[in-house]
Asks: 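Have a look at this one.
Every chain is numbered from 1 and lettered A, B, ... according to where its sequence line falls, protein lines coming before strand lines. In what follows, every heavy atom counts, from backbone to side chain, and hydrogens, waters and symmetry copies are set aside.
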Protein chains: 6
Amino acid sequence: MVIDAHAHVTAPDSLYVYKAGLLAHRGGHGRGSAGATEHDIIDALNKPVFGGSSHLQQLKEAGTDMQIISTRPYQMMHSEHPKLVTWYIEETNNIIAQQVKLFSKVFRGVCGLPQSTRVPIQNCLPYLERCVKEQGFVGCLLNPDPGECSGVETPALGERYWYPLYEKLVELDIPAHIHSAGCRSERLTYSLHFINEENIAVVSLLSSNVFSDFPTLKIIVSHGGGAIPYQFARFEAGALRHGTERFSEKMRHLYYDTVLYSADALALLFKTVGADRCLFGSNFPIEKLWTGYADLVAAHRAAIASLSEADQEAILSGTARRIYRL
Amino acid sequence: MVIDAHAHVTAPDSLYVYKAGLLAHRGGHGRGSAGATEHDIIDALNKPVFGGSSHLQQLKEAGTDMQIISTRPYQMMHSEHPKLVTWYIEETNNIIAQQVKLFSKVFRGVCGLPQSTRVPIQNCLPYLERCVKEQGFVGCLLNPDPGECSGVETPALGERYWYPLYEKLVELDIPAHIHSAGCRSERLTYSLHFINEENIAVVSLLSSNVFSDFPTLKIIVSHGGGAIPYQFARFEAGALRHGTERFSEKMRHLYYDTVLYSADALALLFKTVGADRCLFGSNFPIEKLWTGYADLVAAHRAAIASLSEADQEAILSGTARRIYRL
Amino acid sequence: MVIDAHAHVTAPDSLYVYKAGLLAHRGGHGRGSAGATEHDIIDALNKPVFGGSSHLQQLKEAGTDMQIISTRPYQMMHSEHPKLVTWYIEETNNIIAQQVKLFSKVFRGVCGLPQSTRVPIQNCLPYLERCVKEQGFVGCLLNPDPGECSGVETPALGERYWYPLYEKLVELDIPAHIHSAGCRSERLTYSLHFINEENIAVVSLLSSNVFSDFPTLKIIVSHGGGAIPYQFARFEAGALRHGTERFSEKMRHLYYDTVLYSADALALLFKTVGADRCLFGSNFPIEKLWTGYADLVAAHRAAIASLSEADQEAILSGTARRIYRL
Amino acid sequence: MVIDAHAHVTAPDSLYVYKAGLLAHRGGHGRGSAGATEHDIIDALNKPVFGGSSHLQQLKEAGTDMQIISTRPYQMMHSEHPKLVTWYIEETNNIIAQQVKLFSKVFRGVCGLPQSTRVPIQNCLPYLERCVKEQGFVGCLLNPDPGECSGVETPALGERYWYPLYEKLVELDIPAHIHSAGCRSERLTYSLHFINEENIAVVSLLSSNVFSDFPTLKIIVSHGGGAIPYQFARFEAGALRHGTERFSEKMRHLYYDTVLYSADALALLFKTVGADRCLFGSNFPIEKLWTGYADLVAAHRAAIASLSEADQEAILSGTARRIYRL
Amino acid sequence: MVIDAHAHVTAPDSLYVYKAGLLAHRGGHGRGSAGATEHDIIDALNKPVFGGSSHLQQLKEAGTDMQIISTRPYQMMHSEHPKLVTWYIEETNNIIAQQVKLFSKVFRGVCGLPQSTRVPIQNCLPYLERCVKEQGFVGCLLNPDPGECSGVETPALGERYWYPLYEKLVELDIPAHIHSAGCRSERLTYSLHFINEENIAVVSLLSSNVFSDFPTLKIIVSHGGGAIPYQFARFEAGALRHGTERFSEKMRHLYYDTVLYSADALALLFKTVGADRCLFGSNFPIEKLWTGYADLVAAHRAAIASLSEADQEAILSGTARRIYRL
Amino acid sequence: MVIDAHAHVTAPDSLYVYKAGLLAHRGGHGRGSAGATEHDIIDALNKPVFGGSSHLQQLKEAGTDMQIISTRPYQMMHSEHPKLVTWYIEETNNIIAQQVKLFSKVFRGVCGLPQSTRVPIQNCLPYLERCVKEQGFVGCLLNPDPGECSGVETPALGERYWYPLYEKLVELDIPAHIHSAGCRSERLTYSLHFINEENIAVVSLLSSNVFSDFPTLKIIVSHGGGAIPYQFARFEAGALRHGTERFSEKMRHLYYDTVLYSADALALLFKTVGADRCLFGSNFPIEKLWTGYADLVAAHRAAIASLSEADQEAILSGTARRIYRL
């Protein structure tokens with residue numbers, strides 16, 4: 001069985017027309033709606049997407065049994081006015097929820113949160129609870145930088161600022177998937193910002209008391225953990241000198257998806273954090289996915305072929321099933 | 001003959017999907033394109049729009065012979081990064097140019113300019129020239145507040161800051177249509193901002209030397225001139241005391257469209273500035289156009305029915321034909 | 001009977017010498033006082049002012065029976081340090097109170113409030129209460145933009161931010177007269193800022209729940225309501241589509257003074273909001289008042305001569321008597 | 001003979017009414033004028049001022065033969081918009097020039113400069129030249145902090161920023177009198193700011209190359225040089241260790257007025273900088289001058305009675321006559 | 001007996017290496033420590049310092065019996081991150097405490113406080129209490145400008161902002177020694193900033209109710225009180241006119257050290273505030289101390305030789321013993 | 001032969017005492033000097049450093065033949081005032097130059113540049129030239145973020161902003177070693193900032209025209225290239241789709257040091273970029289170097305033992321010799 005644990009929604013165009021409108025009238029037209037009918041939603045999943053055939057068709061071609069779909073991170077505009085963020089993210093989540101309902105064998109939903117530097121994280125929690133309890137979402141995205149490189153900073157993930165969210169995650173028994181959104185700096189693209197934020201997230205979490213304070217907290221780091229599985233030894237020194245838990249051991253408090261697209265990188269990831277902490281992810285559908293989804297899945301299978309069967313199973317579905325309780 | 005001198009483009013959805021993408025990746029995916037094919041463009045004009053039938057169909061129903069279409073102001077996002085502004089506005093203008101080419105009997109184009117508070121107005125001029133000479137545009141929009149209420153101010157239209165643009169307008173012999181875009185303040189909507197900016201524009205222009213320095217400059221003020229035809233007497237005092245040209249006389253240096261939707265307001269406009277300075281405009285298509293385009297045109301005809309035939313002709317087409325050289 | 005419901009205080013020069021001093025020493029000399037004696041105050045009203053004879057003499061010449069005088073708005077400097085604002089406005093109000101006391105048949109006072117973006121509106125309320133109960137003021141000015149175009153924004157008048165003031169106004173049963181003060185932007189003068197703020201005020205109030213939450217609240221909008229009686233039809237669309245109360249009907253929740261100086265504009269105002277919602281106002285004494293107060297009053301009488309007697313009476317005194325309880 | 005080298009203009013009230021107006025309309029009414037007639041100016045000098053009789057009368061009572069009058073520093077508002085600064089200071093200088101013309105035996109004028117942090121010091125120079133050549137001013141005030149404690153800083157007086165002014169002073173052969181203006185900080189009053197700025201001015205000038213680059217430059221420091229004649233020894237160390245010119249010697253490059261009001265402080269001043277570098281000054285008329293001008297002058301005479309006649313003469317008139325070329 | 005009441009710690013180099021490190025890693029290496037062993041501390045006091053022989057040796061040469069040592073003000077970096085400030089100041093205080101313990105006949109300690117504009121003054125109080133009760137400090141420094149000229153202002157010392165500190169000082173019965181730290185402005189050095197802040201401190205305290213609210217509060221002003229003993233007469237006027245306590249009398253609420261280096265300045269200080277309010281201070285060890293400590297002490301003795309024996313004793317030790325309870 | 005191409009200077013303590021002083025007096029004491037004598041410099045290299053024996057001794061123990069030493073990056077304080085930056089970096093470079101001169105068989109120097117966001121990069125070039133031509137430096141550090149996470153951004157390394165530096169590097173035929181300095185954000189340590197900046201640097205350079213415009217430019221990326229050798233496949237997509245040069249091929253335009261401390265990470269690095277693009281580096285001496293320098297070098301030798309002899313030689317010395325022309 002294959003579960004793709006890092007994929008994003010294929011929404012009708014009207015969602016982005018809606019977003020362009022929000023950013024233009026800034027709420028002056030009222031909330032309105034993305035106006036996506038059931039028909040539009042089904043249609044969107046059956047039209048060609050980046051790389052060839054339709055979203056649903058590509059899943060079949062690749063042999064993916066289930067896909068966990070979330071909001072498109074770089075569209076989430078967390079640094080905009082909280083009202084607009086909330087409206088847009090709720091509309092997106094609604095479309096995801098509807099896709100999951102319509103195709104309940106294929107999809108599971110991970111919701112976006114209306115995070116903003118202007119409102120405390122607590123404000124997102126009632127909504128998160130509704131997403132899980134009323135709309136059936138199995139996890140949420142977690143953006144460690146809702147300021148989106150605007151210069152307005154949010155405490156790093158190891159800080160107590162985030163504890164209300166961690167409490168709620170533990171209470172709901174769902175994982176959070178770390179994934180930043182846009183980036184307003186002209187020095188780097190959002191894509192590189194993802195990696196840099198993953199570095200900050202991993203080091204901040206593992207240098208803090210978060211996992212002793214929340215031993216059952218489940219956090220997944222996108223894109224194979226950014227730089228850290230490659231750079232981890234830099235962070236070993238302190239523990240070696242002080243005789244405390246090694247950083248490389250602490251890395252096993254986290255989960256990592258396999259969105260790396262390179263067999264060598266994957267091998268390093270598995271060796272460093274353990275295959276049992278990893279979940280297959282594709283990042284599908286993205287414009288840049290170069291060789292088509294089926295090829296990507298095949299390449300991924302090949303890259304893990306030398307692992308034990310148990311490890312392969314864990315990566316391809318077992319860990320996802322366990323932490324998402326699928 | 002009826003010429004609707006204030007109308008906006010009905011573009012394919014892909015333009016707004018493109019815009020949402022630009023604001024998300026901030027240039028990281030490169031310029032790309034709105035990807036609107038000839039087919040999409042024709043399709044957009046034949047699909048139902050706000051208020052009933054299709055754009056083209058409504059023109060027919062209303063008996064409008066020609067429509068001057070421009071970019072949708074509130075979508076122009078002048079306060080964003082200049083690169084994004086330029087890309088988006090060029091894509092929009094390209095769609096307008098293509099519509100005009102495809103339906104050359106019905107449409108004429110007024111282009112948006114990639115104005116920004118971060119680049120001098122001079123930077124827009126070569127592009128404006130290409131719009132007119134290569135793409136056949138007959139005028140341009142002029143946003144007096146490219147900062148979009150962000151707190152970054154641009155000199156008012158009477159200041160020398162704008163002289164390079166006025167020189168180019170005179171050289172190209174085209175009018176500029178004053179129309180602000182978005183508004184980032186939470187105190188007012190873009191819609192009210194239009195009116196307030198029109199007030200500032202009219203008073204600044206008429207208190208300056210612009211029309212003695214550029215006697216052939218053609219400026220159209222949107223929405224019946226904001227508050228000024230109603231509030232003009234407030235500005236008469238200085239001239240009365242100093243024996244200089246009265247403000248009410250100076251108001252005739254400008255042109256005004258008739259986007260007011262009220263017979264009483266129109267009557268005041270004509271009485272104050274003279275019917276010969278007015279051009280019929282509908283603001284079509286806008287979501288809020290309450291009774292349908294045909295009704296609106298009919299109501300407009302009724303509202304001017306008591307004017308002389310010459311005045312009616314001037315408003316409905318004559319002035320537009322003259323200043324746009326149609 | 002003629003009541004001039006929009007007029008300002010003619011204060012002794014020492015008030016402005018006092019203000020210049022405050023802005024220079026910024027409180028270093030202590031509060032001090034404007035040092036206006038009863039003699040100075042009587043003198044000020046009997047010296048020539050803008051446009052000819054003395055304040056008192058002009059009232060007589062024009063046949064005005066009573067005048068409601070308030071602080072000079074553009075001198076109110078709300079964006080300065082709250083301590084200075086408070087001192088200056090209290091000194092001004094004291095002079096007004098003394099004029100009213102000295103000439104109790106002729107004058108009634110409308111007090112300025114020491115509004116500031118740096119202190120909550122609540123802070124002004126005990127003082128407002130004292131003004132009414134101890135000094136006999138019959139209303140207050142309300143500046144919707146105490147930031148005075150400085151970039152520090154205050155919520156628009158429809159927001160709950162203002163509810164404490166509205167509660168107090170209702171409790172005291174007095175009207176507030178909307179009138180902004182200075183404007184620090186170089187794009188527009190305070191005079192145009194008045195109009196633009198009136199636009200924002202009217203639209204914000206009428207788009208909110210203020211008048212359903214405070215059905216007995218009395219708000220007067222200066223200068224004939226800014227642009228709105230001319231532009232109102234733009235705001236009808238929403239209600240027409242949704243079947244809710246029309247904007248043009250809602251406009252009758254407010255009162256409007258007649259400071260417009262144009263018979264045509266006045267006619268539009270009366271037709272749009274109803275003559276019974278209007279109060280005669282002159283803006284006297286202002287430097288720019290071109291033809292003298294008596295001429296202005298005569299012109300105003302001529303402009304309303306074609307209305308019913310009841311309407312004329314309402315405009316000239318009735319509505320003022322009713323809402324100010326004179 | 002007694003020359004009072006530090007005194008300020010007694011202007012008609014209309015100057016401050018004018019200033020209050022400028023700060024209210026911010027230029028919207030145009031430049032206008034303080035409207036001070038010859039009659040007003042003569043009147044102002046013959047009305048009671050702080051401390052008893054009239055300005056002219058007090059001079060007579062005290063036996064002062066000549067007084068050098070300048071703009072009132074704390075009213076100069078250098079941190080306001082440059083346009084307003086220029087208008088106000090020119091109006092003030094005009095009143096001074098007229099007083100000097102009317103009472104040419106009694107008064108000499110020191111002009112204020114329209115300094116601003118927003119315009120380079122060069123911009124003031126043509127006007128300074130006109131003041132001297134056309135209006136007969138014999139020196140100028142120099143504000144080392146035109147930002148007025150607003151947080152916008154100007155380079156200290158030893159920096160090359162000020163060289164264009166020094167060149168012009170040398171060319172015109174006039175002294176500059178250091179005197180800061182207002183202070184926007186809430187931590188200190190303008191009065192203390194004067195002293196602190198004098199400290200910065202003296203130390204910056206004497207630590208720089210200004211007096212070797214401009215050997216004939218004449219600079220007078222107000223208020224007995226701030227703290228420096230008392231604190232000078234703190235600054236001796238460097239020179240003592242490096243064998244360079246001692247700070248106490250360098251202090252003689254400057255001139256100091258005697259606005260100290262204490263015999264002991266005066267004695268220290270004379271001992272430290274030499275009586276020949278000092279000019280009698282009263283700061284008249286100021287509200288705080290406690291015992292009347294005649295008493296102050298008498299006390300000053302007493303305080304210097306033990307000096308040599310030559311020193312007394314230098315202080316009371318000689319140095320002023322020499323450097324102002326009276 | 002001679003007590004030097006204004007002197008600073010001679011710390012091992014490792015303290016400044018530690019500081020450079022803190023400012024580089026900004027806490028990333030953890031708090032660590034200055035790593036000064038008892039040996040290092042003894043060594044630092046026996047190595048040559050500015051001006052010749054060792055700290056301890058110079059005391060002997062000069063005949064100083066006891067020295068009150070505090071943190072080096074200009075190194076205190078109050079405007080940095082509060083965490084770094086706290087760490088650095090605690091390390092410095094620890095070194096002082098250790099010196100005092102090791103040389104308990106010679107030294108007494110005055111601690112620095114971890115003041116910051118980002119934390120309320122209350123936060124320093126538990127630490128101050130520990131310094132006094134556990135580490136034996138006899139007083140503390142008080143920086144009136146922890147923003148260090150950065151533009152972030154702290155209320156002046158007469159404001160209620162400081163009352164919690166004054167309460168604690170009274171409760172612990174210890175004096176505070178006013179001494180500002182660094183200065184980020186490019187207009188003046190920290191050295192001049194000391195003087196300017198002393199001016200603000202003295203005037204603010206004496207214009208406030210602090211000494212009527214805290215009659216037993218003991219405040220020492222550094223460097224002979226800045227400019228005030230020289231400029232005090234400027235501040236007499238108000239009291240003279242209002243019949244309230246004279247400023248010159250109020251000056252005796254404070255204590256002043258004699259760090260002036262000039263016999264004339266000292267004489268003025270004693271005459272103005274009274275010798276009994278003065279404490280001998282050297283500022284030792286500072287780089288700029290020109291003639292060596294022994295010379296300085298000898299010069300100081302000479303400068304006070306003409307005073308009464310009681311006054312000499314008060315200055316040299318009596319007042320220090322009394323207010324520090326030595 | 002073993003060349004350690006990433007190591008930092010072991011300077012006398014006085015350098016950091018000097019730095020602490022600069023940051024305290026901010027230039028008020030003048031430039032002064034770190035005051036490091038030849039004796040101090042030799043002493044510093046022979047005293048124990050982090051991890052055991054002395055700098056020189058450890059080199060011997062480890063069998064390192066030559067070490068390329070540069071300024072300690074995290075101490076470089078590029079975001080401070082340019083004057084302080086310049087002084088501090090020049091002092092540091094002088095110490096490096098002296099060490100190289102004294103131990104010319106063992107050391108080569110890489111200089112720091114006085115980069116600042118407040119001065120254009122051009123300003124550093126004459127100094128760089130002197131470093132190379134007069135002091136014998138063989139390369140320079142290049143900080144891609146002189147703003148040090150302060151929010152003041154510098155264009156990424158692919159922008160034309162940096163071309164003047166690239167021209168000079170090519171002209172002098174020396175490599176630049178990318179290494180950021182401090183980080184003022186509280187979200188991450190300087191250590192993580194190094195990695196994030198390397199990511200931005202590599203992607204920006206390889207997405208630009210820099211290497212086609214400067215084919216002989218030599219750039220070394222610290223710490224094994226940050227995240228990129230692990231994450232590179234993410235960046236392959238564009239080229240694969242467009243048929244342009246693959247990102248993985250472009251990565252060979254750069255050089256990478258081997259400061260990774262993990263055999264697995266090193267293996268990935270060599271496989272991804274080629275062993276011939278790699279230079280051995282230790283980061284010595286750093287506090288966190290856990291097992292001592294000799295162990296580290298031994299571990300590094302072991303980690304590369306399975307490579308070809310040519311590759312081993314290239315890594316250990318060949319590439320360094322070639323690009324540094326040793």
Asks: With a 4.5 Å cut-off on heavy-atom pairs, point out which of B:Glu148, B:His25, B:Met76, B:Lys19 contacts chain A the most.
Replies: B:His25

Asks: Could you tell me whether A:Glu38 atom CD has more than 12 heavy atoms of other residues or ligands within 6.0 Å of it?
Replies: no

Asks: Under 4.5 Å from any heavy atom of chain B, what part of A:Glu186 do you find: side chain, backbone, both or neither?
Replies: side chain

Asks: Kindly give the heavy-atom pair with the smallest separation between A:Ala20 and B:Gln75, and that separation in Å.
Replies: O-OE1, 3.4 Å

Asks: Side-chain contact test, heavy atoms from C-beta onward, threshold under 4.5 Å: evaluate it for A:Tyr190 versus B:Arg26 and give yes or no.
Replies: no

Asks: Who wins among B:Leu188, B:Leu15, B:Asp13, B:Leu22 for the most heavy-atom pairs under 4.5 Å with chain A?
Replies: B:Asp13

Asks: Which atom names give the shortest non-hydrogen contact between B:Gly21 and A:Tyr74, and what distance separates them?
Replies: O-CE1, 4.3 Å

Asks: Roughly how far, to the nearest 0.5 Å, is the CG atom of B:Leu23 from the CE atom of A:Met77?
Replies: 9.0 Å

Asks: What's the spacing between A:Arg184 CZ and B:Glu80 CD if we round to 0.5 Å?
Replies: 6.0 Å

